[in-house]
Every structure is written in C-alpha cells, then in structure tokens.
Amino acid sequence: LAEPPEWLESYDISNTGGEDIVASMVVFQGSRPAKDQYRRFRIKELEGRPDDYRSMEEVLTRRLTHFMEQDKKFMPLPDVLLIDGGQQHARVARRVTERFGLAIPIFGMVKDDRHRTRALITPEGREIGIKAHQAVFSLIGRIQEETHRFAITYNRQSHGKSVRGSTLDAIPGVGEARRSALLKHFRSVKAIKEASLQELEQAVPKSTAKAVFEWFHQ
C-alpha cells in the first residue's frame, strides 16, 4: 500500500449446520478496534444452503449499497478489506467492488493447520508472508480473531432465537433438554426432519424419537 491504512474492515461468515447464516463486519481504526462501527448481517439469499462465497458476495454488496445510498452508518469506505479466507474469497470481494466501480485493496487472511493466521493473499494469488513482521502479524491475527468472535457470537444469538421458535417446540414430549440433544446431534432442524427413526433414537429416548419422527412424517 502507498501508506498505512487507517480504516480497516474485516469480514467473516458463520453458520450452524446450514442454518442461521450470518456475517460480521469488524472495523479497526489504525491498530484499535472501533466497536461502534461493527455491523452484523443475516444472509437472506441462502437460508439453509451454506455457501461462503455467495454469502460473502451478498454481505459486501449490501455494505457497498449502503455506502452508495449515503447511509451514514456505512461511511467512510475502508482503506483496505480483509476477508477471512483464501484467494477465492478475495476474488469474490474484488468482483463486488469492481461492480460498484471501486478500487479498494483486498487481502484474504490465510490460516495454518492450527487455525492461526499465517499470511495474507491477494485476489491474484500472491501470498504475502507476515510472520517475520511481528507488528503486522500480531495486528492481522488480532483482527481475524475479533472478526471470527463477532461472527460466532451473532450466530449463537441468532441460532438461539430460531431454535426457541422452531418447529421442535410444538412437538409433544420435546422439552428444552431433548431439543438441545437433537440439535447437538444433528446440528439443524432440517437434518432432524430428514433423519430416520433409528437415527433419532441415537440422540434421544425411543419415545421421544418416535414422537419426533411421526410429527415430521405423518
């Protein structure tokens, strides 16, 4: 970059078994988080069908549309976009910015096998090692962790709300404990609906499994 960025925006996608797909937008001003500028998005176009690339395209399109409409909550434009992911994620981000006629530097934040940030990567595939530069390495790692934390927190809140109002609540004999056991085992209501009676019995007692199976299949 020509000069150090002052406004950095970072994005991450989170979902729970294909449901409650959400995205986080975290802002750092210089080396400090600007929490009053954080934004959260519920992905609308892919409900129940997880796709990180299309989710990222949707959230960045919505963010830049807000800017174009002069929404003060989404101003100014960032000096750099940091995307949790690799080259393909960065390419998706660039495709969106080009659609709006904007030229914003974009970098994917690449993780190692231990899920720690190890490098940046451009949409063209140029990997930039950052481990040798301790200040940069620490900053990027902190941004990625904060972006992931914010996405996970929103996902859990969103998932909790959807579960409390889910179809499971209407099934006789399925209380909070049984509902939690089912969701822990199958990860989504959709998977519970598609499960066989034998599969349901692996997660809850036979009487509960029968009630759930009959609810969805009769």
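Among all heavy-atom pairs drawn from Lys111 and Arg118, the shortest one is O-NE, 3.6 Å. For Ile128 against Phe107, the heavy-atom pair with the smallest separation is CD1-CE2, 3.8 Å. Among all heavy-atom pairs drawn from Thr65 and Phe100, the shortest one is OG1-CZ, 3.4 Å. Nearest heavy-atom pair, Gly108 versus Ala90, reported as atom, atom and distance to 0.1 Å: N-CB, 4.0 Å. Nearest heavy atom pair, residue Ser10 against residue Ile143, reads CB-CG2, 3.5 Å. Between Ala181 and Ala203, the closest heavy-atom pair is CB-O, 3.9 Å.
Rounded to the nearest 0.5 Å, atoms CZ (Phe28) and CG (Leu139) are 6.5 Å apart. Separating the CD atom in Gln29 from the CD atom in Glu6 is a distance of 8.5 Å, to the nearest 0.5 Å. Note that the CD1 atom of Ile83 and the CE atom of Met109 stand 7.5 Å from one another [nearest 0.5 Å]. The distance from the NE2 atom of His148 to the OG atom of Ser14 is 7.0 Å, given to the nearest 0.5 Å. Residue Glu199 holds its CD atom at 7.5 Å from NE2 of His185, rounded to the nearest 0.5 Å. The distance from the CD1 atom of Ile13 to the CG atom of Asp84 is 9.0 Å, given to the nearest 0.5 Å.
At least one side-chain heavy atom of Pro33 sits under 4.5 Å from a side-chain heavy atom of Arg142. In this structure, His89 and Asp52 have side chains that are in contact, with non-hydrogen atoms separated by less than 4.5 Å. Counting heavy atoms from C-beta on, the side chains of Leu77 and Leu64 come closer than 4.5 Å. Side chains of Phe150 and Asp12 form no contact here, defined as non-hydrogen atoms less than 4.5 Å apart. With contacts defined as side-chain heavy-atom distances shorter than 4.5 Å, the pair Tyr38/Glu146 qualifies. Between Glu57 and Arg99, some side-chain heavy-atom pair lies under the 4.5 Å cut-off. Side-chain contact check for Arg91 versus Gln88: some heavy-atom pair is nearer than 4.5 Å. Put simply, the side chain of Leu182 reaches to within 4.5 Å of the side chain of Ile192, judged on heavy atoms.
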Q: Dump the intermediate steps for side chain to side chain contact (heavy atoms under 4.5 Å, CB included) on Ile21 and Arg54, then the final yes or no.
A: CA-CA 11 Å; Ile21 308 172; Arg54 290 182 62 189; over 6 Å; no
Q. Could you walk me through whether Glu9 and Arg39 pass the side chain to side chain contact (heavy atoms under 4.5 Å, CB included) check?
A. CA-CA 10 Å; Glu9 283 184 11; Arg39 302 288 180 260; over 6 Å; no
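Here Lys44 does not pair with Glu58 in a salt bridge; the nearest charged N to carboxylate O distance is not below 4.0 Å.
His217 places a side-chain N or O within 3.5 Å of a backbone atom of Lys193 that can act as its donor or acceptor partner. Here the side chain of Ser138 pairs no donor or acceptor atom with the backbone of Ala135 at under 3.5 angstrom. With Asp79 contributing its side chain and Leu8 its backbone, the two residues share no donor-acceptor pair below 3.5 Å. Listed for the Gln87 side chain is a donor-acceptor partner under 3.5 Å among the backbone atoms of Pro123.
Here the rule is side-chain contact (heavy atoms from CB on, under 4.5 Å) with Tyr11, and of Val26, Leu82, Leu60 only Leu60 fits it. Each of Val80, Leu120, Leu81 was evaluated against Ile106; a single residue qualifies, Leu81, per the side-chain contact (heavy atoms from CB on, under 4.5 Å) test.
Heavy atoms of other residues, nucleotides or ligands lying less than 6.0 angstrom from CD of Glu124 number more than 12. The 12-atom threshold is exceeded at CZ of Arg63, counting heavy atoms of other residues, nucleotides or ligands nearer than 6.0 Å. The number of heavy atoms from other shown groups lying within 6.0 Å of NZ (Lys210) does not exceed 12.
Below 30°, between 30° and 60°, or above 60°: for Phe74 and His66 the angle between ring planes is below 30°, a parallel geometry.
Under the 4.5 Å side-chain contact rule for hydrophobic residues, Ile130 and Val110 do not share a cluster. Both Val204 and Phe216 sit in one connected hydrophobic cluster of ILVMFWY residues. Membership requires side-chain heavy atoms under 4.5 Å apart, directly or through other members. Both Met56 and Val27 are members of a single hydrophobic cluster when ILVMFWY side chains are connected at heavy-atom separations under 4.5 Å. Trp7 and Val96 fall within a single hydrophobic cluster, where Ile, Leu, Val, Met, Phe, Trp and Tyr side chains are chained together by heavy-atom contacts under 4.5 Å. Transitive grouping of hydrophobic side chains (ILVMFWY, heavy atoms separated by less than 4.5 Å) keeps Ile121 and Phe137 in distinct clusters.
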